[in-house]
Amino acid sequence: MKYYLAPMEGITGYIYRNTYEKFFHDIDKYFTPFIVPNKSKSFKTKELRDLLPENNEGINIVPQILTNDSEGFIYISKKLQQLGYNEINLNLGCPAGTVVSKNRGSGFLAKREELHKFLEEIFKLEDMKISIKTRIGKDSPEEFYELIKIYNEYPMEELIIHPRTQKDFYGNKPNLEVFKDALTLSTNKICYNGDIFTAKDHEEIIRTFPTVETVMLGRGTIANPGLMGEIKNNTIIDKKVFKAFHDEILNQYIEVFNEEKNALFRMKELWGYMIYMFSDNKKYAKKIKKAQNLSDYKGAVSSLFAEQKIVEGAGLFSDKE
Ligand SMILES: Cc1cc2nc3c(=O)[nH]c(=O)nc-3n(C[C@H](O)[C@H](O)[C@H](O)COP(=O)(O)O)c2cc1C
């Protein structure tokens, strides 16, 4: 089996990826959060920092592009080639309103004719492998049966499927019926993505789809950085390791963002996921959220690690009442 870390804007930037790799080194492929080609035809400072080879040493990383403009895709590809990349991922999954209203991400799925033309152009690129990360439709799962006909016309590196529609956002459950059909209909290799939050969830997916050889995990791994270890080696993350992992990310954010406030904002976002791994976590979650400075934040986190334990088998949302 191969395991990928899902791209997550605001979370899986190079600091998170490098720290994860240093502590756990059990991911076969990482993806950058999406990059949008712009009129100035140059990377934003933040994007470039995330892409620079010296910030991604020793890890297998694929840049992700979000656009419906083939020219933009092509010039960005050339720039990425110059940075040493030979694979790009196209985002056809983002469900955010601001993205969808511009017919990008999962919004592009409703414009099949345009999508077809766009793919026709970008697949002319030489020396660049292209993979696609897609939802199964914009409004209805039935759309997938038309989309797959289009995807099948192109020899892509892989087709990563998050079997929800844009309308689902993150609600409902992944549509495993459509995913099953995708496995028989697709002429490209398929990677499964969606709602693997525990080793048990992973087991169920593998049991249901024994031909799947690649899975991508996002929120489950952010909540429990030891999830891959549970899946691969049946080991539970040690609290000391979890704390050290946390501390390293925090210290790097402080260094890179200059301002404490920005580092805290990022850390709080991570805690929106990680908190579910801890017993009796409610009051600690509140304290972390309320912390206005580094010292309050560190105090809240230290008491959580000192006073609570990691719950075996827990995962994202597992303690929701
Ligand atoms: C906060 C957040 C940011 C995300 N950013 C991206 C992104 O930049 N590109 C992308 O393709 N998907 C993005 N996603 C979607 C994830 O990559 C993934 O497909 C989704 O979370 C489902 O997988 P999971 O259930 O394992 O988390 C994001 C999801 C979340 C929750």
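Both ligands and their constituent atoms are indexed starting at 1 by order of listing.
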Angle class for the His246/Trp271 ring planes (parallel below 30°, perpendicular above 60°, tilted otherwise)? tilted
At a 4.0 Å threshold, what atoms of ligand 1 neighbour a non-hydrogen atom of Pro33? 8 (O)
Centroid-centroid distance, Tyr4 to Tyr30, less than 6.0 Å: no
Establish, for the pair Arg135 and Tyr170, whether the NZ or CZ atom is under 6.0 angstrom from the six-membered ring centre and no further than 45 degrees off its axis. yes
Result of checking Phe305, Tyr273, Tyr284 against Phe278 for ring-ring contact (aromatic ring centres under 6.0 Å, His included): Phe305
Just going by heavy-atom distances, which of Arg135, Met8, Glu269, Lys133 is nearest to atom 12 (N) of ligand 1? Lys133
Counting heavy atoms only, which part of Asn91 comes closer than 4.0 Å to ligand 1: side chain, backbone, both or neither? side chain
Looking only at protein heavy atoms, which one is nearest to atom 3 (C) of ligand 1, and how far off is it? Glu9 N, 3.4 Å
For the atom pair CD (Glu157) and NZ (Lys129), what is the distance rounded to the nearest 0.5 Å? 4.5 Å
For atom 11 (O) of ligand 1, the closest protein heavy atom turns out to be Gln64 NE2, 2.7 Å
Give the residue and atom name of whichever protein heavy atom lies nearest to atom 6 (C) of ligand 1, and the separation in Å to one decimal. Pro7 O, 3.1 Å
Return the closest protein heavy atom for atom 26 (O) of ligand 1 as residue, atom name and distance. Gly218 N, 2.8 Å
Answer yes or no for Gly194: is there a heavy-atom contact with ligand 1 below 4.0 Å? yes
Might you confirm whether atom NZ of Lys239 has over 12 heavy atoms from other residues, nucleotides or ligands at distances under 6.0 Å? yes
Should the ring pair Phe245 and Tyr20 be called parallel, tilted or perpendicular, given that the plane angle runs from 0 to 90° and is split at 30 and 60? perpendicular
Please confirm whether Phe34 comes within less than 3.5 Å of ligand 1 when only nitrogen or oxygen atoms on both sides are compared. yes
Counting heavy atoms only, name the option from Tyr170, Phe31, Tyr192, Tyr273 that's nearest to atom 20 (C) of ligand 1. Tyr170
Indicate the atoms forming the closest heavy-atom contact of Ser131 with Asn89, along with that distance. OG-ND2, 2.8 Å
Please work out which of Ile11, Ile196, Ile65, Asn193 has its closest non-hydrogen atom nearest to atom 23 (O) of ligand 1. Asn193
